[in-house]
Amino acid sequence: MPSNIIISGVGGQGVVTTGLLISRAAIAGGNHVVMSEIHGLAQRGGSVSVDVRIGDYYAPMIPDGDADLVIGLEPLEAERVLTRAGPGTKVLMSREKMAPISLGIQGKEYPDVDQMISEISRDFVVYAIDAITLARKAGNARTVNVVVIGFMLGLGLLEIPEKHIVDEMNIMFPGKLSAVNLKALELGKEAGKSNTLRWAPVPADSS
Amino acid sequence: MSTYRRLLEGAEGQFLFLLGNEAIARGAIEAGLSTATTYPGTPSSEVGDVLYELAGETGIHFEFSVNEKVALESAFASSIAGLSSFVFMKHVGLNVASDSLMSIAYTGVKGPMVIMTADDPSMFSSQNEQDNRHYADIAHLPLIEPSNPQEAKDFLIAAFEISRKEGLPVLFRTTTRISHTRGNVKLGPIIPGERKGTVEKPGRSFVTLPSNGYHFKEVLIRKMDEIRDNSYMMILNRMEGDRKSPHGIITSGEAYNVVRDVLNKLNLNIEILKLGFTNPFPENMVSDFISRHSNIIVVEEVDPIMEIKTRSVAQVNGFDVEIIGKMSGIIPYSHECSPDSLMEAFSKIFGLDYTKKEVRMARPDLPPRPPVLCPGCPHRGTYYSVKRAVKMLKINDVIYSSDIGCYSLGNYEPFSEADVLLSMGSSIGVASGFTKATGQRVIAFIGDSTFFHAGIPALINAVHNNSRMLLVIMDNDVTAMTGRQPNPGTPDQLKLAPSGRVSIEKIVEAIGVPYLKIVDPYDLKETLGAVMEGLKGDGVSVVIARRECAIIRDSRKHREGESVKYRVSIEKCSACLNCVEHFACPALSISGGKISIDPVLCDGCGVCSEPYVCPFQAIEVIPVAI
């Protein structure tokens, strides 16, 4: 089970909520968890990352190179935290693009996501998902983070019993949000099980 | 909508996965708190958010004070009336409160008083990383440092007990990694606090005239000496690990966590003296600890405060011991204690062959994502208009003096409207100074809450000294950057309970500012005109750009079911790129050579559709399907 997880994304995407859900489900499974939240200056739209450490850890910061899993809710933000990833890190990313204003100011467009993924997959095992499409299908574009957690479950990357995830989701997203989020989890899980979106690292000489 | 109720409902013995700041708020409630005061500041803000929400139900008197100094004074009043008080702020807030802090140390308190400072090593959201443990030395006050959310709650309760017993205010220091770390916290019982206190008449004097201060100082020093041998030292400070190890580590706060992780990783069993009660320095305990080891490593954040005191203990006792820390150049002086920096330091100390794990190099063309103003943020219209006004008036050497708040982000491209920024309220004083020191035109920016906090005396000063400058007060109704807390200008509908409201324009008028205009920053034409006119004035000109915070507007619209979104007409868009290059809303981007608007991000403010931003009128409302 991955014990050092970095979750990154853009403020407003639910990065902290993703960390909370994984942490709470892991605790429900009897694990010790510490989680760091760095909120940054912007209320929305800035780079956000959260470290979740499951196991016998004291400090919430994951040392460079020790991450077992990077969850990027946005491609550029996945790329940004990969400077903290190591040889064994697996990368799971949502393909949903959110262009930082720095691109527009320079008159530039968002880099090609397929090319980004293929470059990242030279160094890491990458699992990419078009989470926004599935989130919309579930009924709310803002459930991207839950789709991604479902994707992890489907891939078998998150060895937390699904029951704990669902139980904590019902506490965190009560009422009418509940059904939409459960649907998002299910769609993510199906995508993970079909596992057609995996990019395995290719040897450098073959590229 | 209640978000923190579970902190009140949690029963004794129950575990909750809490943010350090949530654990602190619960700790204050468990301790039987009467009064809580604060001025919001990251990383302390959530403590106030919790206590503000739960104040009605718990009966705690909660106050968002106008600034940290007033917060401290207001809390102090409760404590000399025999009630328990808690005042909390970010580290630089204690600078503002420090004048009264020094006096409170002298007078002491009757009811317990805890003063929390949330320090920010590595400056995640602050202008500096000052180590506020120094204040405990300057003021001669007890100092407590927790290491995790559980300790944050438990040690806070201990801090109240120590304050009650000793009659002194107690400083409680967290750092970002304590306040903003989540961990599982076991709850304790809640003691209801007292609600009404009395200042005894006749009673003891709290007047710090010189004749009293002379005696207060002697009493303070005597008390601190007695506390040095207090039994709390044994509860809040502990030793763990192999007593026979040649090395010994003295550490506190978050540094302790990093030490434990690094020792585990290196498979080393070394004795640790983990300090939670660090002032007065537990000299006997430290002396006993030093005597068992030939090398002492001191690991702390940020300054070598415990290291200096450890060196002093060693010198006084004549120990032949090597002391390693920041002063010996092994542990870095700046920034937080990170696992990587400590791993490197320990490898040097223990002579281990350590090579850092190979990490991936950042791709050089990775576009940065600096913090940005939200979609729909009224400040965007203000900054856009001011820049345009300056350009239209052909002023080439304007100096921008900025301040603390969301609008600090005007420093970044494309606005670049900040040349100087120091501290809360500094924009106006610095701007006024520029008018004397240079012949340049000066524009200062300040937010509503920051204006109330420390801007008013500086505006009086500018008028008093005939400064020729433009001040733009960016009023969005709330203290936005820390999470939209209410301030003296906040309308009642944005508060949990009605309270007095202070008018910014009436203050400005009363100060005698000759030019005052109030504009809506969504109306670019009006804002541009007011700024241009203000820049032509001979004295202090003030433009109040007033429009509610976009996040508040968004949640109101969401509640009311209103959903207006904009889109770009591909036929009309000439790809002039003015909107992305100069207005730079996060919802706008270039896609396939044209502008596109992200419908999830678009907040429907429509400012980008104004001809000042889109001269081709290519941005239009998405028609709602009927």
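In what follows, every chain begins at residue 1, and chains take the letters A, B, ... in the order their sequences are listed.
The greatest number of non-hydrogen atom pairs below 4.5 Å with chain B, out of Gly11(A), Gly46(A), Gly104(A), is found for Gly104(A). Options Glu77(A), Glu119(A), His32(A) differ in how many heavy-atom pairs under 4.5 Å they form with chain B, and the most are formed by Glu77(A). Per-residue heavy-atom pair counts under 4.5 Å with chain A were compared for Gly593(B), Ala584(B), Ser589(B), and the maximum is reached by Ala584(B).
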Could you please spell out the steps behind the salt bridge (Lys or Arg N to Asp or Glu O under 4.0 Å) verdict for Glu548(B) and Arg484(B)?
CA-CA 11 Å; Glu548(B) 69 187 335; Arg484(B) 300 168 298 286; over 6 Å; no
In sequence, state the C-alpha distance, the side-chain angles, and the governing distance for Glu9(B) and Tyr4(B), and then conclude on side-chain hydrogen bond (donor to acceptor under 3.5 Å, both in side chains).
CA-CA 9 Å; Glu9(B) 289 163 353; Tyr4(B) 292 117; over 6 Å; no
Does the side-chain hydrogen bond (donor to acceptor under 3.5 Å, both in side chains) test come out yes or no for Asn4(A) and Tyr57(A), once each step is laid out?
CA-CA 10 Å; Asn4(A) 283 303; Tyr57(A) 298 109; 3.2 Å; yes
Output, in order, the C-alpha distance, side-chain angles, deciding distance and verdict of side-chain hydrogen bond (donor to acceptor under 3.5 Å, both in side chains) for Asn21(B) and Ser179(B).
CA-CA 5 Å; Asn21(B) 281 343; Ser179(B) 281; 2.8 Å; yes
Candidate pair Lys265(B) and Asp261(B), rule salt bridge (Lys or Arg N to Asp or Glu O under 4.0 Å), full reasoning:
CA-CA 6 Å; Lys265(B) 209 169 172 181; Asp261(B) 282 349; over 6 Å; no
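A side-chain donor-acceptor contact under 3.5 Å links Ser147(B) to the backbone of Gly253(B).
For Arg80(A), the parts sitting under 4.5 Å from any heavy atom of chain B are the backbone and the side chain alike. Only the backbone of Ala85(A) comes within less than 4.5 Å of a heavy atom of chain B; no side-chain atom from C-beta onward does. Using a 4.5 Å cut-off between heavy atoms, Cys377(B) does not touch chain A at all. For Leu82(A), the parts lying under 4.5 angstrom from a heavy atom of chain B are both the backbone and the side chain. If you measure heavy-atom distances from Leu76(A) to chain B, the contacts under 4.5 Å come from both the backbone and the side chain. Heavy atoms closer than 4.5 Å to chain A are found nowhere in Asn148(B), neither backbone nor side chain. Using a 4.5 Å cut-off between heavy atoms, Glu74(A) contacts chain B through its side chain alone, with no backbone atom that close. Looking at Ile171(A), neither its backbone nor its side chain comes within 4.5 Å of chain B, counting heavy atoms on both sides. For chain A, no part of Ile595(B) is nearby; none of its heavy atoms comes within less than 4.5 Å. Residue contact with chain A, scored on non-hydrogen atoms closer than 4.5 Å, is absent for Cys549(B). For Thr176(B), the part lying near chain A is the side chain, with the backbone staying farther off; criterion is any non-hydrogen pair under 4.5 Å. Of the two parts of Asp51(A), neither the backbone nor the side chain holds a non-hydrogen atom closer than 4.5 Å to a non-hydrogen atom of chain B.
Salt-bridge check for Lys97(A) with Asp598(B): failed, with every basic side-chain N at 4.0 Å or more from each acidic carboxylate O. A salt bridge links Asp554(B) with Arg44(A): the distance from a Lys NZ or Arg NE/NH1/NH2 to an Asp or Glu carboxylate oxygen falls below 4.0 Å. Using a 4.0 Å cut-off between a side-chain N of Lys or Arg and a carboxylate O of Asp or Glu, Glu254(B) and Arg177(B) do not qualify as a salt bridge.
Two residues are said to be in side-chain contact when any heavy atoms from C-beta on lie closer than 4.5 Å; Asn145(A) and Leu73(A) meet this criterion.
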